[in-house]
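Reviewing the structure listed below.
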Number of protein chains: 2
Amino acid sequence: MARTQGSHSDITGPRVRDAALRLFAQYGYAAVSMRQIAREVGVQAGALYNYTPDKQALLFSLLRGHMDELLEAWEAAPRPEGAVARLEGFVRFHIRFNLDRPEAIFISYMELRNLEPGNFAVIEAQRKRYESALEEILRDGQAEGAFSVPDTRLASYALIAMLTGVNTWYRAGGRLSIEEVADIYWDMVRKSVAIG
Amino acid sequence: MARTQGSHSDITGPRVRDAALRLFAQYGYAAVSMRQIAREVGVQAGALYNYTPDKQALLFSLLRGHMDELLEAWEAAPRPEGAVARLEGFVRFHIRFNLDRPEAIFISYMELRNLEPGNFAVIEAQRKRYESALEEILRDGQAEGAFSVPDTRLASYALIAMLTGVNTWYRAGGRLSIEEVADIYWDMVRKSVAIG
DNA sequence: GCTTGATCTGAACGGTTGTTCATATAACCT
DNA sequence: AGGTTATATGAACAACCGTTCAGATCAAGC
């Protein structure tokens, strides 16, 4: 059999990516086989190669797509006046964006080491671009006299780690809504960079 | 050939664990083969099974040993008066401990999903025990009126994530010493839970 | 209605995986 | 010195890996 009813590139393509994303997030890139992905899609392993040149390209494409989306969404976000308001915007944006796509976030942090060097460099540059947005806010706030952040580089690392950590414990339908979580985190972030 | 000069269980055993720790940290549990570990030790793959029943037990033993060491060290640490001082102690202890053994920390966070369910439960219980120490400090500080932390559970997650994040960027011999890093993090932590 | 091209199957490729085991050797004990 | 035992080899096992490809099948275009 081949080309069973309704099968089509427009359908199978995204399904391959979805299955790969889910499986990579759950078991890890190295632990997931192409046959496993194919089974999830309902297809033989060979058919996957209509949609990706190889397994590595599939991982890279997922990460690349995610980072593109992240940067695009961030650049489209409003840019209020004042470092404090911009920091609040960053915090809320980051938490919302991360909690909306936990699997993509997860593999973006876990599977970096499974990227070939060239692919790794691309993703790493994108990540740096995003993180430097936060550092810039901290620098501005320091210059404005709104923050007390002697080492903005280090503080940006600390805050990013704290915010990204939400994904390790948050479960939809839990005790708190996303907005409540964002409120609490924003409160801690605000104080951590405040003067005094 | 077998039993080449000076080879001994007391020597090979730790070398197997060291090699596994290093390789798991660098490439990930699933991506590392027993033959790779054996090569690093300078031995054939079969010989590894004198030191571990199987690959899974090797991973579990590494994580288990690490968590035991963590809990033991924490319980041996001084317990000063007052929640503020105890929080400072936790922050400095955590940063120092983590930066002292980056590989063990790394696999403890990355390879949890590669543990069989029973093994996972053991490690998870240990981690919870450690993290609840922080939450207890926050609760005490809240009761003392020294902190403003409405949700201590959530705040403990946030702080742990922030502190553990140090390992992703810190490199020995860099711009800052461990103590300088700890100073900066403690300043942020202190403010983030302060009143105001 | 026939042809063309996209899509999939199913088998095959060489290579690697974790693990076992009979066998050999070197170090220790008496 | 001789016997015992821990320790290692190296070959073998079945299973699985990523990837390729000829051939089958279906949908669409003329």
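Naming: A, B, ... by sequence-line order, numbering from 1 per chain. Owing to the predicted nature of the structure, the values given are computational and were not obtained by experimental measurement.
Regarding B/Gln44, its CD atom lies at a distance of 5 Å from the P atom of D/dT9, rounded to whole Å. Rounded to whole angstrom, the span from the CG atom of B/Asn50 across to the P atom of D/dT5 amounts to 16 Å. Between the C1' atom of D/dG18 and the CD atom of A/Glu116 lies a distance of 13 Å, rounded to the nearest Å. Regarding B/Asp54, its CG atom lies at a distance of 14 Å from the C1' atom of C/dT17, rounded to whole Å. Protein atom CG of B/Leu48 is 19 Å distant from nucleotide atom P of D/dA6, rounded to whole Å. What separates CZ of A/Arg15 from P of C/dT7 is a distance of 15 Å, to the nearest Å. What separates CD1 of B/Ile11 from C1' of D/dT7 is a distance of 12 Å, to the nearest Å. A straight line from CD of B/Gln56 to P of C/dG18 spans 12 Å, rounded to a whole angstrom.
Comparing D/dT19, D/dT7, C/dC8 by their closest approach to the side chain of A/Tyr51 singles out C/dC8. Taking the side chain of B/Tyr49 as heavy atoms from C-beta on, and the options C/dT19, D/dT19, C/dG10, the nearest nucleotide is C/dT19. Listed nucleotides D/dA8, D/dT19, C/dT9 differ in distance to A/Val43; the shortest reach to its side chain belongs to C/dT9.
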Show me the side-chain donor-acceptor pairs of residues 13-22 of chain B shorter than 3.5 Å, one per line, residues at least two apart or across chains.
| residue | atom | partner | partner atom | Å |
| --- | --- | --- | --- | --- |
| B/Arg15 | NH2 | B/Val41 | O | 2.2 |
| B/Arg17 | NH1 | B/Ser61 | OG | 2.4 |
| B/Arg22 | NH2 | B/Glu40 | OE2 | 2.9 |

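Nearer the 5' end of DNA chain D, as judged by each residue's closest nucleotide, is the contact made by A/Ala31, out of A/Ala47 and A/Ala31.
Under a 3.5 Å cut-off, the side chain of B/Ser132 and the backbone N or O of B/Glu135 do not form any donor-acceptor pair. Using modelled atom types, one side-chain atom of A/Gln142 and one backbone atom of A/Val149 make a donor-acceptor pair closer than 3.5 Å.
The side chain to side chain contact (heavy atoms under 4.5 Å, CB included) test applied to B/Tyr130 returns B/Leu70, B/Leu71, B/Trp74, B/Phe90, B/Phe93, B/His94, B/Ile160, not counting sequence neighbours.
Listed by residue number, B/Ser33, B/Met34, B/Arg35 are the residues of residues 33-41 of chain B with a heavy-atom contact under 4.0 Å to DNA chain C.
Of the options A/Glu124, A/Glu72, A/Glu75, a salt bridge (Lys or Arg N to Asp or Glu O under 4.0 Å) to A/Arg129 is made by A/Glu75 and by none of the others.
B/Gln56 and B/Asn114 form no side-chain donor-acceptor contact under 3.5 Å, judged by distance and modelled atom types alone.
For the pair B/Arg113 and A/Phe106, the cation does not sit on the ring face, since its NZ or CZ is not both under 6.0 Å from the ring centre and inside 45° of the axis.
Applying the 4.0 Å criterion to OP1 and OP2 of D/dT7, one finds that B/Thr12 has every side-chain N and O outside that range.
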